[in-house]
Amino acid sequence: MKFVVITHVEHKQIGQDFFAYAPYVREMNLWFKYIDEVEIVASLVVQKKSKIDLKYKHKKIRFQSIPSIQFTSISKAFLSLFKLPVILFALFKACKKADHIHLRCPGNIGLLGCLVQMFFPKKVKTAKYAGNWNPDSKQPLSYRLQKWILSNSFLTRNIKVLVYGNWKNQSKNIKPFFTATYNNSEVEKIRDKEYSQRLNVIFTGSLVRGKRPLLAIRIVESLYKQGMEVYLNVYGDGILRKELEDYVGTSNLDSIVSFHGNQPKETIKSALRTSHFSILPSKSEGWPKAIAEAMFFGVIPIATKVSCVPYMLDYGKRGILIQPNLEAAVAEIQGYLKDNKQLKTMSREALSWSQQYTLDVFEKEISKLLSN
C-alpha cells in the first residue's frame with residue numbers, strides 16, 4: 001500500500017531522516033507500521049532539531065516538500081496565492097499515485113488537501129481532524145469549510161473522518177476517535193495524592209494566546225494571595241514567554257511560578273507524578289493531550305468547557321470545569337479545594353479513565369481502519 005500524508009506540520013531533515021513535532025510523529029509511526037510505502041507532502045524548514053521533535057520510523061519514506069503558506073497578513077496572503085498552483089499540483093500528483101490518502105486537518109494545507117481529494121472519489125481515505133469538531137463552536141471560515149467538505153458524503157467519498165467527541169447528527173463519514181501518548185507498559189499505580197499541603201499545579205502547552213497561559217498564572221496568583229500554598233510549573237514555549245516572564249517578575253511571583261520551556265516526554269512524566277492539578281484554560285481544543293496526559297497520572301484537570309473537554313472530564317466528575325474569567329474560575333476551584341475526599345475521588349476517576357486510552361489501544365484501532 002502506498003500511503004500519502006498531507007499535512008501542515010513543518011518538518012526538518014537531518015541526513016536521510018525527517019523530524020517533526022513529537023506527538024504527531026509518534027502517532028504517524030503507528031500508522032506506518034501497517035504501510036509498505038509512505039509519501040509525506042509537507043513543508044520543510046531549515047532549523048535545528050528541538051527537544052520536542054521526533055524521527056519518523058519507516059524503511060521507505062519519500063518526502064515531497066511544498067512551500068508553506070500563511071494568511072495572517074495582506075503581504076503573506078498575497079505571496080501565498082502565488083504558491084497555491086505549485087502546492088495544488090504537488091497534492092494532485094501525490095494523490096494520483098496513492099492507494100490511501102491521509103489528511104491532517106485543520107490547517108491551510110489540510111484545506112487544500114480536502115479540495116484535491118474530491119477528484120479521487122474511489123480512493124480510500126482517512127482524515128484526522130485534530131481541532132474542535134463541536135458544530136456549535138465559533139471557528140475561522142477555513143476551519144468551517146474543512147469540516148463541511150469532510151462531512152459532505154457527496155463531495156468526500158470513501159473516507160473515515162476521525163474526530164474528537166461524540167456529536168449528534170453527523171454524516172456517515174464521521175467517526176468519533178481519541179488520541180494517546182503512553183503505552184500499556186507505562187501505566188503506573190499512583191498513590192492517592194495529598195491535598196492538605198502545598199498544591200503543585202502544572203501547565204503544559206504552547207505559550208500562545210489561544211491557550212491563555214496568563215490566565216492560568218493569574219488564577220494561581222489569586223489562590224496564593226488568598227492564603228493557599230500553591231506552586232505553578234510552566235512547561236512549553238511560544239511567543240508569549242517573555243511577556244509571561246515579565247509579568248511574573250513585576251508581580252513578584254518568582255517564588256511560586258517557574259518556566260521550564262519545552263521538555264522531553266520523560267521530564268514531563270516526572271513533573272506529572274508530583275503534580276496535583278493541571279491547568280489549561282484554552283479558547284479552543286481538539287483532544288487536549290495536556291489534559292489526558294495529566295489524568296494518566298491522577299492529576300486533576302482544571303479546564304475550560306471547550307470541544308470534548310466536558311466529556312473527558314465527565315462533566316465535572318473527573319476534573320474542574322471553569323469559565324474563562326478570573327474571579328469565576330478561582331471561586332469554582334476554591335469550592336473543590338474544601339473537600340479533600342472529593343479531590344482524591346476525582347484523581348482516581350481521572351486516572352482510571354485516561355489509562356484506558358493507551359498507544360496500544362490506539363494502534364489496534366488504527367490497524368482496524370487500515371484493514372477495512
Side-chain angles (χ1 to χ4, degrees), residues 5-9 21-28 30-31 102-107 110-111 113-114 125-140 142-152 156 159-182 204-206 208 210-212 278 280-296 301-319 321 349-350 353-366 368-369:
V5 182
I6 296 172
T7 177
H8 65 279
V9 174
Y21 181 54
Y24 155 77
V25 174
R26 192 175 293 117
E27 176 187 327
M28 293 314 307
L30 296 179
W31 290 82
H102 183 69
L103 306 174
R104 304 295 297 196
C105 299
L111 174 57
C114 287
K125 311 178 196 81
T126 49
K128 175 72 176 290
Y129 193 92
N132 182 357
W133 192 262
N134 185 346
D136 299 324
S137 64
K138 293 181 180 179
Q139 296 183 354
S142 63
Y143 284 26
R144 286 183 279 130
L145 185 55
Q146 286 169 75
K147 289 166 73 173
W148 178 73
I149 294 173
L150 293 171
S151 298
N152 191 305
T156 306
I159 193 170
K160 290 186 177 69
V161 183
L162 313 179
V163 306
Y164 298 137
N166 199 341
W167 309 99
K168 294 180 180 179
N169 304 318
Q170 299 297 304
S171 72
K172 65 179 182 179
N173 289 353
I174 309 307
K175 179 179 175 61
F177 216 65
F178 64 99
T179 193
T181 301
Y182 302 116
T204 55
S206 300
V208 295
K211 301 288 183 182
R212 293 194 180 109
S278 172
L280 190 68
S282 294
K283 291 182 179 179
S284 184
E285 287 289 344
W287 177 284
K289 286 186 178 180
I291 294 296
E293 290 170 8
M295 295 168 77
F296 198 89
I302 300 171
T304 40
K305 303 174 185 178
V306 294
S307 184
C308 62
V309 171
Y311 159 76
M312 293 174 72
L313 273 55
D314 196 14
Y315 305 94
K317 294 180 181 178
R318 291 190 285 259
L321 292 165
E349 291 287 338
W353 178 83
S354 184
Q355 289 186 354
Q356 297 177 78
Y357 297 101
T358 62
L359 286 169
D360 304 78
V361 175
F362 188 70
E363 184 177 342
K364 286 180 183 178
E365 292 301 317
I366 288 172
K368 290 178 186 176
L369 289 169

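In what follows, residues are counted from 1 in the order of the sequence shown. Worth knowing before you read on, the calculation uses all heavy atoms, side chains too, and leaves out hydrogens, waters and symmetry mates.
Taken to the nearest 0.5 Å, the OH atom of Tyr21 stands 12.0 Å off from the CD atom of Glu27. Put simply, CZ on Phe177 and CG on Asn166 are 13.5 Å apart, with the number rounded to the nearest 0.5 Å. Annotation: the span from Thr358 atom OG1 to Lys364 atom NZ amounts to 8.0 Å, rounded to 0.5 Å. Within the model, atoms CG of Leu30 and OG1 of Thr179 stand 9.0 Å from one another, a figure rounded to the nearest 0.5 Å. In this structure, OH in Tyr143 is found 10.5 Å from CG in Asn132, a value given to the nearest 0.5 Å. Distance check: Lys175 NZ to Ile159 CD1 gives 13.5 Å after rounding to the nearest 0.5 Å.
A distance-only check finds a donor-acceptor pair linking the side chain of Thr304 to the backbone of Ser282 [under 3.5 Å]. Put simply, the side chain of Thr126 never gets that close to the backbone of His102: no donor and acceptor are under 3.5 Å apart. A donor-acceptor distance shorter than 3.5 angstrom exists from the side chain of Thr7 to the backbone of Val9, with no hydrogens or angles considered. Listed for the Lys147 side chain is a donor-acceptor partner under 3.5 Å among the backbone atoms of Asn134. Judged by distance alone, the side chain of Gln146 and the main-chain N or O of Cys105 form no donor-acceptor pair under 3.5 Å. Remark: the backbone N or O of Ser151 is paired with a side-chain donor or acceptor of Ser171 at under 3.5 angstrom. One N or O on the side chain of Thr156 and one on the backbone of Ile149 form a donor-acceptor pair closer than 3.5 Å. Proximity of a side-chain donor or acceptor of Arg318 to a complementary backbone N or O of Met312 within less than 3.5 Å is detected. A donor-acceptor pair under 3.5 Å is formed between the side chain of Asn173 and the backbone N or O of Leu150. Counting only distance, with no hydrogens or angles, the side chain of Gln139 and the backbone of Arg144 share no donor-acceptor pair below 3.5 Å.
Of the N and O atoms on the side chains of Tyr24 and Lys128, not one donor lies less than 3.5 Å from an acceptor on the other residue. Using modelled atom types and a 3.5 Å distance limit, the side chains of Trp133 and Gln170 yield a donor-acceptor pair. Counted by atom type alone, Glu285 and Ser307 present zero donor-acceptor pairs between their side chains at under 3.5 Å.
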Review point. Step by step, would you call Arg104 with Met28 a side-chain contact (heavy atoms from CB on, under 4.5 Å)?
Key: CA-CA 11 Å; Arg104 304 295 297 196; Met28 293 314 307; 3.4 Å; yes

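Contact check on Glu363 versus Lys368 returns no salt bridge, with no Lys/Arg side-chain nitrogen under 4.0 Å from an Asp/Glu carboxylate oxygen.
The nearest pair of heavy atoms linking Ser354 to Ala292 is OG-O, 2.6 Å. For Trp353 against Met295, the heavy-atom pair with the smallest separation is CE3-CE, 3.5 Å. Scanning both residues, Leu359 and Ala180, for their nearest heavy atoms gives CD2-O, 3.4 Å. Closest approach of Gln356 and Val361 over heavy atoms only: O-CG2, 3.6 Å. The two residues Leu280 and Ala290 make their nearest non-hydrogen contact at CD2-CB, 4.3 Å. The minimum heavy-atom distance between Pro106 and Ala130, with the atom names listed, is CD-N, 3.9 Å.
Here the side chains of Val5 and Leu103 are not in contact, with every heavy-atom distance at 4.5 Å or above. Here the side chains of Lys125 and Lys160 are not in contact, with every heavy-atom distance at 4.5 Å or above.
Relative ring orientation between Phe178 and Tyr357 is described as tilted, the plane-to-plane angle lying within the 30° to 60° band.
When ring centroids are compared, Tyr164 and Tyr311 stay outside the 6.0 Å threshold.
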